[in-house]
Amino acid sequence: MQLTGKVAFVTGAASGLGKQIAHLYSQEGAKVVIADLNQGAADATASEIKAAGGSALGVAVDVTDEAQVEAAVDRTVKEFGGVDILVSNAGIQIVHPIEEFSFAEWRKMLAIHLDAAFLTTRACMKHMIAAKRGGSLIYMGSVHSKEASVLKAPYVTAKHGLLGLARTMAKEGAKYNIRANVICPGFVRTPLVDKQIPEQAAALGISEADVIKNVMLKDTVDGEFTTVDDVARVALLFAAFPTNALTGQSLNVSHGWSMT
Ligand code: NAD
């Protein structure tokens, strides 16, 4: 049990990577807030965790909305007595060549990936600093924090931006023992990826099998997808690490797609 007594606020935790992280954190002893746009799915995930003997709370929140984020973090502190771990994970994908992106889509992508990281960080940092018990800020980056792919201009831009935020938070958080790190997964079969396989096939004029083999997994060492469990293990490492020795870092979990 590596997270006994800790409270984790995990965004986008009603599905995919965030959901697995929430389950693993609970198994390791943390109280977990499932913060997600999808209230029904957030409540369902919280119920699964409680049925397994853990403590969890589903909270409906749009992570791009300042007031909703503040209220959700305040509620976390009220119900669970503090917040020790932030996993800023909620995200979406929209794929187009740049000339077909509307400004509204560009803004939406940057809002979900970057505005939300700022809003959740600020809301959690305030409580972490006041409580004087340190903390861990974890951002869900991507191999696209380090590499670029066609059709993904706003996603790649936003995911690169998270590295800058995490490094700045590592410096600002150090005196409070608050660490900040980025997880950089390769492709994982979640609803986010399943949706883009046919979209990329249509945009690139190739089959869905070719998207998987020759686009998504082309540069891995073994042609394998990363799994939600692989990513949750890295999220546990960052959450449980005891000192500032591991801060301002980004860790690829991608079957060798990126080695930088
Ligand atoms: P997913 O679609 O399975 O889950 C995303 C969750 O985020 C959903 O539950 C959704 O309701 C929630 N969400 C979306 N917009 C929201 C908003 N405005 N406010 C609150 N919640 C919102 O996706 P996933 O694959 O688990 O992705 C999670 C994160 O991991 C994203 O940031 C994504 O960019 C990143 N990522 C995914 C992969 C992959 O291959 N799946 C790879 C690298 C990085």
Side-chain angles (χ1 to χ4, degrees), residues 9-24 33-46 48 58-69 71-73 86-95 105 107-120 123 138-149 152 154-163 165-166 182-197 199-200 211-212 215-217 220 224-232 234-235 250-255 257-258:
F9 184 86
V10 186
T11 71
S15 176
L17 301 178
K19 181 171 180 169
Q20 183 65 19
I21 291 167
H23 276 286
L24 183 60
V33 173
I34 314 298
D36 202 287
L37 198 56
N38 185 333
Q39 168 93 70
D43 288 344
T45 302
E48 288 166 19
V59 176
V61 56
D62 177 348
V63 290
T64 68
D65 184 295
E66 181 176 14
Q68 289 187 33
V69 170
V73 173
L86 164 66
V87 184
S88 180
N89 162 79
I92 60 166
Q93 181 61 280
I94 302 175
V95 293
E105 286 173 322
R107 282 184 153 162
K108 183 174 183 184
M109 288 295 286
L110 267 56
I112 290 176
H113 294 279
L114 287 179
D115 293 1
F118 161 68
L119 291 172
T120 53
I138 301 169
Y139 303 98
M140 192 57 70
S142 164
V143 167
H144 285 114
S145 298
K146 298 171 180 179
E147 308 281 344
S149 293
K152 296 187 173 176
Y155 188 81
V156 171
T157 303
K159 292 300 190 188
H160 274 65
L162 290 174
L163 297 179
L165 178 64
V182 184
I183 305 172
C184 298
F187 281 100
V188 184
R189 287 302 292 260
T190 66
L192 179 142
V193 162
D194 287 341
K195 176 174 167 288
Q196 66 179 280
I197 293 171
E199 291 173 355
Q200 288 214 37
V211 169
I212 292 172
V215 178
M216 293 183 162
L217 304 180
T220 61
E224 298 278 343
F225 277 102
T226 301
T227 67
V228 291
D229 185 54
D230 297 325
V231 177
V234 175
S250 58
L251 185 52
N252 305 326
V253 52
S254 68
H255 285 261
W257 168 12
S258 175

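Start at 1 and go down the list; that is how both ligands and their atoms are numbered. Note: hydrogens, waters and symmetry copies are ignored here, and every other heavy atom, side chains too, is used.
- Heavy atoms of Ala41 stay at 4.0 angstrom or farther from ligand 1.
- Short contacts between ligand 1 and Gly141, defined as distances under 4.0 Å to a heavy atom of the residue, involve ligand atoms 43 (C), 44 (C).
- Side-chain contact between Phe9 and Val73 is present, with heavy atoms from C-beta onward closer than 4.5 Å.
- Judged by distance alone, with hydrogens and angles left aside, the side-chain atoms of Asp43 form no donor-acceptor pair with the main-chain N or O of Gly40 at under 3.5 Å.
- When the heavy-atom distances from atom 18 (N) of ligand 1 to Thr11, Val59, Asp62 are ranked, the shortest goes to Asp62.
- Between the OG1 atom of Thr120 and the CD1 atom of Ile138 there is a distance of 11.5 Å, given to the nearest 0.5 Å.
- Between the side chain of His144 and the backbone N or O of His160 there is no donor-acceptor pair closer than 3.5 Å.
- Of the protein's non-hydrogen atoms, the one nearest atom 33 (C) of ligand 1 is Tyr155 OH, 3.6 Å.
- At distances below 3.5 Å, at least one donor-acceptor pair connects side-chain atoms of Thr11 with backbone N or O atoms of Ala90.
- Close approach to Val193 involves these atoms of ligand 1, each under 4.0 Å from a residue heavy atom: 39 (C), 40 (O), 41 (N).
- Note that CD1 of Ile212 and CD of Gln200 are 10.5 Å apart. Values are rounded to the nearest 0.5 Å.
- When atom types are taken as modelled, the side chain of His113 and the backbone of Gly141 share no donor-acceptor pair closer than 3.5 angstrom.
- Residue Leu37 has at least one nitrogen or oxygen atom sitting less than 3.5 Å from a nitrogen or oxygen atom of ligand 1, judged on distance alone.
- Near Pro191, the atoms of ligand 1 lying under 4.0 angstrom from a non-hydrogen atom of the residue are 3 (O).
- Among all non-hydrogen protein atoms, the one lying nearest atom 26 (O) of ligand 1 is Leu17 N, 2.8 Å.
- For ligand 1 and Phe187, the ligand atoms under 4.0 Å from any heavy atom of the residue are 40 (O).
- Here the heavy atom of the protein found nearest to atom 17 (C) of ligand 1 is Val63 CG2, 3.6 Å.
- Under a 4.0 angstrom heavy-atom cut-off, Lys159 registers as being in contact with ligand 1.
- Nearest protein heavy-atom neighbour of atom 42 (C) of ligand 1: Gly186 O, 3.2 Å.
- Checking only distances, Ala35 never comes within under 3.5 Å of ligand 1, N or O to N or O.
- Using a 4.5 Å heavy-atom cutoff, the side chains of Met216 and Ile197 are in contact.
- At a heavy-atom distance under 4.0 Å, atoms from both the backbone and the side chain of Asn89 approach ligand 1.
- Checking side-chain atoms of Lys159 against main-chain N and O of Lys146 turns up no donor-acceptor pair under 3.5 Å.
- The closest side-chain heavy-atom distance from Val188 to Val193 is not below 4.5 Å.
- Inclusion of Ile92 in the set of residues having an N or O under 3.5 Å from an N or O of ligand 1 is not warranted.
- Of all protein heavy atoms, the one lying nearest to atom 3 (O) of ligand 1 is Ser15 OG, 2.6 Å.
- In this structure, the protein non-hydrogen atom closest to atom 40 (O) of ligand 1 is Val188 N, 2.7 Å.
- Among all non-hydrogen protein atoms, the one lying nearest atom 25 (O) of ligand 1 is Thr190 OG1, 2.4 Å.
- Selection from Gly16, Ala90, Gly91 by nearest heavy atom to atom 5 (C) of ligand 1 gives Gly91.
- The protein atom (non-hydrogen) at minimum distance from atom 8 (C) of ligand 1 is Asp36 OD2, 3.6 Å.
- Put simply, the side chain of His255 does not reach to within 4.5 Å of the side chain of Leu217, judged on heavy atoms.
- Formation of a donor-acceptor pair under 3.5 Å by the Gln68 side chain with backbone atoms of Asp62 is found in this model.
- Of all atoms in ligand 1, listed by their number and element, those nearer than 4.0 Å to a heavy atom of Met140 are 29 (C), 30 (O), 35 (C).
- Proximity of His113 to ligand 1 is established by a heavy-atom distance of less than 4.0 Å.
- Checked by distance only, ligand 1 and Gly18 stay at 3.5 Å or farther apart across all their nitrogen or oxygen atoms.
- Side-chain contact between Leu114 and Leu162 is present, with at least one heavy-atom pair separated by less than 4.5 Å.
- Here is the list of ligand 1 atoms found below 4.0 Å of a heavy atom in Val61: 19 (N), 20 (C).
- Between Lys195 and Gln93 the shortest side-chain heavy-atom distance does not fall below 4.5 Å.
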